[in-house]
Amino acid sequence: MCGIVGYTGPQSAFTPIVEGLRRLEYRGYDSAGIALGTSNSLFVEKRAGKLANLEAALPANLPTVHSGIGHTRWATHGGPTDRNAHPHLDNEGKLAVIHNGIIENYAELKAVLQKRGHTFTSETDTESVAHLLSDLRKEHQGDLSAAMRAAVAQLRGSFTLLAIHADNPSTIVGVRRNSPLVAGIGKGENFLASDVAAFIEYTKRAVELGQDEVITITPETIEITDVHGAKVPVREYEITWDKEAAQKGGFAHFMLKEIFDQPKAIADTLIGRLSDNNQIQLDELHMTDAEIKRIKRISVIACGTAYHAGMVAKYAIEKWAKIPVDVEIASEYRYRDPIVDQDSLVVAISQSGETMDLLMAVRHAKAAGARVLAVCNTNSSTIPRESDAVLYTHAGPEIAVASTKAFVTQIVAVYLIGLKLAQVRGELSDAEVKNLYHEALKLPGQVEQILETVEPLRALTRTFKSNNTVLFLGRGIQYPIALEGALKLKELAYIHAEGFAGGELKHGPIALIEEGTAVIAILPPHDEHALDEKMLSNIQEVKARGARVIVIAAEGVEVIGAEHVIRIPIAAPLFQPVLATVPLQVFAYEIAVARGTDVDQPRNLAKSVTVE
Ligand code: AGP
């Protein structure tokens, strides 16, 4: 998520803004910029790269000003370049806007604004807001707050917006929808930010904002209205965190914060992907319908956790699109002379977009004539740049080495690919696609529901901290999640953990079971194969040999023989992996904390493995 800071007060605005952005930079970003309100004009500077690049670009004799806005951008629409960095300006250069989120209808707005004579200089969705606000401000006799209210009524998507105008630079206007914005009340000064970490050293008096509420700050005043202009009470609260905790949103570790970020990450990845006439919108594939119909096979290539997302992709794409899917470990792929040709679609899944094993596999596949589609969380990273197309997940920066929110959004992204391919190839009707998309839209709320009931699991988990072996069982579409649960425990708590297909247990691994062995079993959804009943038999097999069994099962499903059952909401069968993975993330996290490992930076691991 981008970093957003606004300041108005007696200080030289540069310091609270840039220092505020620095305290938000842990969230990851790839460009930065500021707009300072000098008398009757704006001083604007913005640069790709880190804050140091921005500071190096500033003149030595920076004007002393007392208000402004600043931004660190995590690129979504448009790569991390100087031109795409925020703030974005109107054509007169007197109104500046910074933004966090996704303006879904920016292209429609841009077309209308261009017809009105506005000229655009960037590839971003945000710039449309700058020009829209400029027009609306004129229509509202220079009232920037009224203009913001009118703009919100026209915007679709999720956003935090701040705006400043040169005619009245000590006033800053902000608004939020499904994206964070908080105000800080100082002495003769006021702050706006995407996170209290930005201003916590100046004040611990914060003000929360509701959806579509427009806030206007000056050094002495804070006013909040709803989108219609009706005053809303200023709801003040005391920040109880210290600076370090504030950077993690009050969570003890980035990993826990990112586990709790998952509902929003999933929602942001799904947003705007079904048109009004029930067509899956994946223009990024850059494939014509004829090309999609020509695909004869799909190879999903990835490493680690991303590989497990690829395994889920196999079940979903084969079920919906009826295309054969191979799932390949990237570091093995090119050494076995894979059969690849121009009718092959290679899907390369990577959070970082820099994993060398995968980059080498992508180059091999492209050289063999395959079309490569990247699924990636990091805009303009190497793998998307070397692929034919890229579908970005919108999980935001993932700081913890152990992947959580990126993983679930990778799964959601491959669901979208499967639905798109199935729809174009006529394997699913528009009505079926619409129904499945709306089932997917329930996932954020269902993950939220799991997270709200996670405390008992956290307590139970700590009773397993002394186990040196933990086995994970899964069947069907939950088999990849058993592997992912084992990987999480390995990389976080340094415990030997292994994932198995439940039916494979009796072919050897069951010899591992003895009194007290911990087994986590994920019950697959009930289907025509009654796989869930077979898994219940597997549970009995290990229980009979002394295992301690935790079962993850959908609400309402009867489970016999488990020490503890973790319930997940009932979801469409192919969507259940997204839900089952959440308790396993918490399980691994809690045991790691109990064992005192370095949760966010586990030993021997790197967030991006850029060597083969
Ligand atoms: C995830 O928990 C691991 N840290 C690791 O397996 C990771 O998924 C793998 O290295 C691939 O990284 P990527 O998604 O950035 O390509």
Side-chain angles (χ1 to χ4, degrees), residues 28 74 253-259 261-262 265 269 300-313 327-333 346-363 372-387 390-414 472 480-495 497-499 577 581-582 584-589 591-592 597-612:
W74 172 261
H253 299 96
F254 282 116
M255 181 184 174
L256 191 59
K257 176 178 179 295
E258 288 155 9
I259 287 172
D261 278 349
Q262 291 181 122
T269 301
V300 182
I301 313 177
C303 306
T305 287
Y307 173 78
H308 299 145
M311 292 176 71
V312 174
V327 191
E328 308 270 0
I329 290 175
S331 54
E332 294 292 319
Y333 176 70
V346 165
V347 178
I349 305 176
S350 176
Q351 190 286 131
S352 63
E354 300 298 343
T355 300
M356 189 56 71
D357 286 330
L358 185 56
L359 178 60
M360 293 300 112
V362 162
R363 287 178 180 166
V372 178
L373 165 65
V375 172
C376 187
N377 193 47
T378 307
N379 199 295
S380 297
S381 51
T382 306
I383 290 168
R385 279 207 312 273
E386 297 203 13
S387 299
V390 53
L391 178 57
Y392 284 112
T393 51
H394 291 287
E398 188 174 67
I399 311 300
V401 166
S403 185
T404 50
K405 60 178 182 174
F407 175 59
V408 294
T409 57
Q410 287 163 356
I411 294 177
V412 168
V414 298
F472 291 77
I481 304 307
L483 299 181
E484 173 59 13
L487 175 60
K488 282 283 146 317
L489 197 58
K490 276 187 267 232
E491 61 178 337
L492 285 158
Y494 315 152
I495 288 176
E498 204 165 343
T581 202
V582 176
L584 300 182
Q585 295 166 345
V586 173
F587 185 83
Y589 171 82
I591 291 188
T597 62
D598 184 349
V599 170
D600 285 333
Q601 305 287 338
R603 69 185 181 194
N604 312 335
L605 296 180
K607 183 60 183 170
S608 176
V609 182
T610 55
V611 293
E612 273 201 289

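Note that ligands are numbered from 1 as they come in the structure, with each ligand's atoms numbered from 1 the same way.
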We want to know whether Thr404 and Gln262 form a side-chain donor-acceptor pair, criterion being a heavy-atom distance below 3.5 angstrom. no
Can you see whether Glu354 engages Thr382 through a side-chain donor-acceptor pair at a distance of less than 3.5 angstrom?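 There is such a pair between these side chains.
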Proximity to ligand 1 by part of Thr355, non-hydrogen separation under 4.0 Å: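 The answer is the side chain of Thr355.
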Hey, is Glu354 touching ligand 1 through its side chain, its backbone, both or neither, going by heavy atoms under 4.0 Å?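 Contact part for Glu354 vs ligand 1: neither.
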Please assess Arg363 against Glu386 for the test salt bridge (charged side-chain N to carboxylate O under 4.0 Å, His left out), listing each intermediate value before the final yes or no. CA-CA 8 Å; Arg363 287 178 180 166; Glu386 297 203 13; 2.7 Å; yes
Heavy atoms only: which of Gly304, Ala588, Ser352, Ala402 is nearest to atom 15 (O) of ligand 1? Ser352
Without swapping roles, check the side chain of Lys405 against the backbone of Glu258 for a donor-acceptor pair under 3.5 Å.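 No; judged by distance alone, with no hydrogens or angles, the pair does not exist.
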Can a donor-acceptor pair be found, under 3.5 Å and without considering hydrogens, that links the side chain of Thr581 to the backbone of Gly485?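 Side chain of Thr581 to backbone of Gly485, a donor-acceptor pair under 3.5 Å: no, none is there.
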Taking the side chain as every heavy atom from C-beta outward, state whether Thr393 and Val412 have any pair of such atoms under 4.5 Å apart. no
[atom]: which protein heavy atom is closest, and how many Å away?
| atom | value |
| --- | --- |
| atom 2 (O) of ligand 1 | Glu491 OE2, 2.5 Å |
| atom 10 (O) of ligand 1 | Val609 CG2, 4.1 Å |
| atom 11 (C) of ligand 1 | Cys303 O, 3.6 Å |
| atom 7 (C) of ligand 1 | Thr305 N, 4.1 Å |
| atom 14 (O) of ligand 1 | Gln351 N, 2.7 Å |

Where ligand 1 meets Ala306 - atom numbers and elements under 4.0 angstrom, heavy-atom basis: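 Near Ala306, meaning under 4.0 Å from one of its heavy atoms, ligand 1 has 8 (O), 14 (O).
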Please list, in number order, the atoms of ligand 1 under 4.0 Å from a heavy atom of Ser403.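 By the 4.0 Å cutoff, the relevant atoms are 1 (C), 2 (O).
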Apply side chain to side chain contact (heavy atoms under 4.5 Å, CB included) to residues Thr269 and Gln410 and explain how you reach the verdict. CA-CA 9 Å; Thr269 301; Gln410 287 163 356; over 6 Å; no
Pair Tyr307, Ile349 - check side chain to side chain contact (heavy atoms under 4.5 Å, CB included), show working. CA-CA 7 Å; Tyr307 173 78; Ile349 305 176; over 6 Å; no
Does Leu605 have a heavy atom less than 4.0 Å from any atom of ligand 1? no
Output yes when the distance from some N or O of ligand 1 to some N or O of Val401 is under 3.5 Å, and no in every other case. yes
